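Proteins come first, then strands; the chains are lettered A, B, ... in the order of their sequence lines, and each starts at number 1. As the structure is a prediction and not an experimental result, all values here were calculated from the model.
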Protein chains: 2
Amino acid sequence: MSTILEVAEMARVSTTTVSRYLNNRIELPADTAARIDAAISALDYRPNILAKRLSLGRTEAIGLMTPEIANPFFAELAAAVEDEAERHGYSVLMTSTGGNRDRELRSLRRLKDGHVDGLVMMTNRPDDGSLAKSLHQYGHIVLVDEDIPGVNVPKIFVENREGANAATQCLLDAGHTRIAHIGGPAALFSAIERLEGYRTALWDRGIQVDRASIRQGEYSREFGLAAMTELLAGPNPPTAVFAGSDFIAIGAMQAVRARGLSVPHDISLVGFDDMPFADLLAPGLTTIRQPTAELGRSGFRALLALMQKKTPADLTRLPVTLVMRESVAPPRASGR
Amino acid sequence: MSTILEVAEMARVSTTTVSRYLNNRIELPADTAARIDAAISALDYRPNILAKRLSLGRTEAIGLMTPEIANPFFAELAAAVEDEAERHGYSVLMTSTGGNRDRELRSLRRLKDGHVDGLVMMTNRPDDGSLAKSLHQYGHIVLVDEDIPGVNVPKIFVENREGANAATQCLLDAGHTRIAHIGGPAALFSAIERLEGYRTALWDRGIQVDRASIRQGEYSREFGLAAMTELLAGPNPPTAVFAGSDFIAIGAMQAVRARGLSVPHDISLVGFDDMPFADLLAPGLTTIRQPTAELGRSGFRALLALMQKKTPADLTRLPVTLVMRESVAPPRASGR
DNA sequence: TTCAGCTAGTAAAGCGGTTGCGTAAAGGGG
DNA sequence: CCCCTTTACGCAACCGCTTTACTAGCTGAA
């Protein structure tokens with residue numbers, strides 16, 4: 001590997017000149033420039049990035065913290081971040097934390113220690129406040145998809161309320177009145193917002209919101225299965241369910257089947273996320289599509305702005321859309 | 001941020017001593033060590049990793065090239081690589097190439113330019129030979145999941161032949177004799193091996209392998225749908241299909257349904273991969289499970305060996321297993 | 001007493017860039 | 001013709017760590 005010094009010698013200039021020329025910090029007469037260019041290609045010179053980083057004190061890399069890269073939602077989001085980062089000359093250092101606090105901290109320390117210049121952070125673990133307090137000391141951070149309350153960094157979320165509202169309305173429009181909600185963790189921001197959206201939709205139609213038809217738990221299939229099984233066994237089972245995530249919806253679907261009932265014939269179902277598998281199911285799952293890729297791109301852009309000492313918006317909300325498939329139908333024979 | 005020099009001064013030793021002490025290259029008398037320790041914690045010293053990297057000429061980071069991180073298979077594999085890497089103190093720089101040659105080359109150049117010390121490489125694009133030729137110049141590379149013929153680097157694959165064989169046998173055992181195969185790209189190593197496994201299984205039972213019941217194309221749902229539609233429209237449609245991937249299987253399943261037939265009643269189906277959604281389907285998809293995480297871990301370990309100047313195995317084959325679900329049944333009423 | 005052989009360090013030269021000052025030479029205006 | 005401004009570049013310090021080569025002082029054996 002040749003160095004900038006060799007290039008400078010071959011072009012009969014100083015390293016200063018070469019460095020400035022390469023970084024567009026100087027305008028050189030054509031022949032000098034040509035000599036440098038010639039030397040560079042003759043030596044096949046490529047700047048040593050490690051030296052450059054030390055000298056500049058930055059890495060031109062960002063971190064990407066995701067709870068679970070194997071989850072298609074986060075994977076797609078990660079892909080979008082990476083794509084946008086690449087487009088701006090940044091590399092992406094990925095960490096899949098598995099919701100593990102230790103790994104989250106390790107990723108944050110990487111930021112502090114200068115492995116990366118900034119961090120796109122996603123977490124789905126409710127915070128006890130300690131993370132929120134310590135976060136500002138780390139540097140450039142952007143929060144995507146899920147909030148950590150009390151943290152003062154740019155945030156990019158989707159319109160959870162509006163989405164939940166649309167999902168519930170879709171069920172109302174189909175004629176349902178006994179609509180249950182199986183939502184995510186009670187402590188999680190997105191789950192809270194989605195619950196609010198659901199409540200508002202019912203409220204707006206003058207429908208009493210029944211505590212008993214609201215379940216909160218993990219955004220997982222297992223929880224969906226368990227919660228739906230309970231609901232179905234209850235005294236006054238719903239004719240429709242708005243699930244807080246597609247995973248929950250799938251679990252619910254299983255529960256419905258296990259009971260010998262069918263979606264959408266006996267029970268209508270709407271999910272949230274529009275995971276890639278949502279349309280593989282039979283029946284295809286009606287759900288709220290999140291602009292996953294846009295979430296990632298916006299996240300990176302906000303981070304970039306931060307790193308360039310600009311001030312990105314404190315909060316960006318991206319719109320969601322209802323995707324109609326086959327899991328919603330009018331309630332059976334009305335009444336009971 | 002404090003530097004090693006400040007630590008040295010506070011501990012009244014030289015930077016050399018501090019550096020050696022920190023890197024376990026020297027044994028110090030207890031009181032000297034204690035002074036250094038004290039200085040370090042008093043100053044909250046953390047070594048500047050950029051300086052360290054420049055000095056050592058390595059980054060303690062590896063690259064991870066995947067065709068499509070949004071594909072759950074690669075995502076899970078990536079998670080495993082990252083996990084294993086983290087365990088050994090390495091960071092992971094991820095690139096999702098989308099099968100784009102340019103991005104592949106960019107990722108390779110990152111290796112050459114010293115951004116990373118090694119690369120776990122996955123590609124699903126058939127190579128025209130140019131990649132194979134240029135690959136050795138880049139440095140430490142390990143190939144995972146899919147081969148690039150003619151490349152002399154450690155490789156980690158699964159037992160494609162054995163898996164395909166088991167899948168086909170499972171259909172044979174159920175009583176099928178007209179078994180079609182919808183496989184991956186004809187130029188792709190894994191697809192070739194899976195086809196071989198299918199052929200051998202039929203051959204071993206003395207069943208004529210019919211050219212017309214073999215289709216090759218993308219590992220995608222769309223291709224599965226198209227190919228299966230064709231097969232069903234043919235003169236002598238199969239009663240069972242071994243699909244080269246779960247995506248293909250899903251497409252095939254759609255085609256079966258579109259024709260008013262049912263899986264497994266009219267057509268039995270076996271996939272390959274055991275994607276996370278394989279058991280979400282109704283019926284659950286019988287398929288060949290790949291040890292995805294192990295593929296990732298082994299990949300990293302081989303790379304680590306390479307980077308430590310050890311010599312990992314040229315080729316590692318990981319076993320696959322047949323996962324029985326509900327998409328296989330005996331052929332209908334035998335005969336026709 | 002002498003000297004080899006430890007112990008416990010140190011000085012300084014890298015690693016390969018970037019950059020704040022500075023300056024020689026050429027050009028131009030008065 | 002003199003002085004001031006450009007133009008075109010160079011010197012050397014600096015980023016913070018690692019490592020080679022070396023030494024002062026002590027111990028113990030011959």
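When the P atom of dG10(D) is taken as reference, atom CD1 of Ile26(A) falls 9 Å away, rounded to whole Å. Asn24(B) has its CG atom 13 Å from the P atom of dT19(D), to the nearest Å. With rounding to whole Å, Glu27(B) atom CD is found 12 Å from dG9(C) atom P. Note: CG (Leu28(B)) to P (dG9(C)) measures 6 Å, nearest angstrom.
Counting heavy atoms from C-beta outward, Pro67(A) and Phe74(A) have side chains that approach closer than 4.5 Å.
Without hydrogens or angle criteria, Thr95(A) side chain to Thr97(A) main chain gives no donor-acceptor distance under 3.5 Å.
Minimum interatomic distance between Leu119(A) and Met65(A) (heavy atoms only, all atoms of both residues): CD2-CE, 3.9 Å.
Under a 4.0 Å N-O distance rule, the pair Glu60(A)/Lys52(A) does not qualify as a salt bridge.
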Starting at the 5' end of nucleotides 13-19 of chain C, put B wherever the base has a protein heavy atom under 4.0 Å, S where only the sugar-phosphate does, and a dash everywhere else. -BBBBSB

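Partner Met121(B) forms a side-chain contact (heavy atoms from CB on, under 4.5 Å) with one of Leu64(B), Leu131(B), Val142(B), Leu303(B) and no other, that one being Leu131(B).
Under the 3.5 Å distance criterion, with hydrogens and angles disregarded, a donor-acceptor pair is assigned to the side chains of Arg101(A) and Ser130(A).
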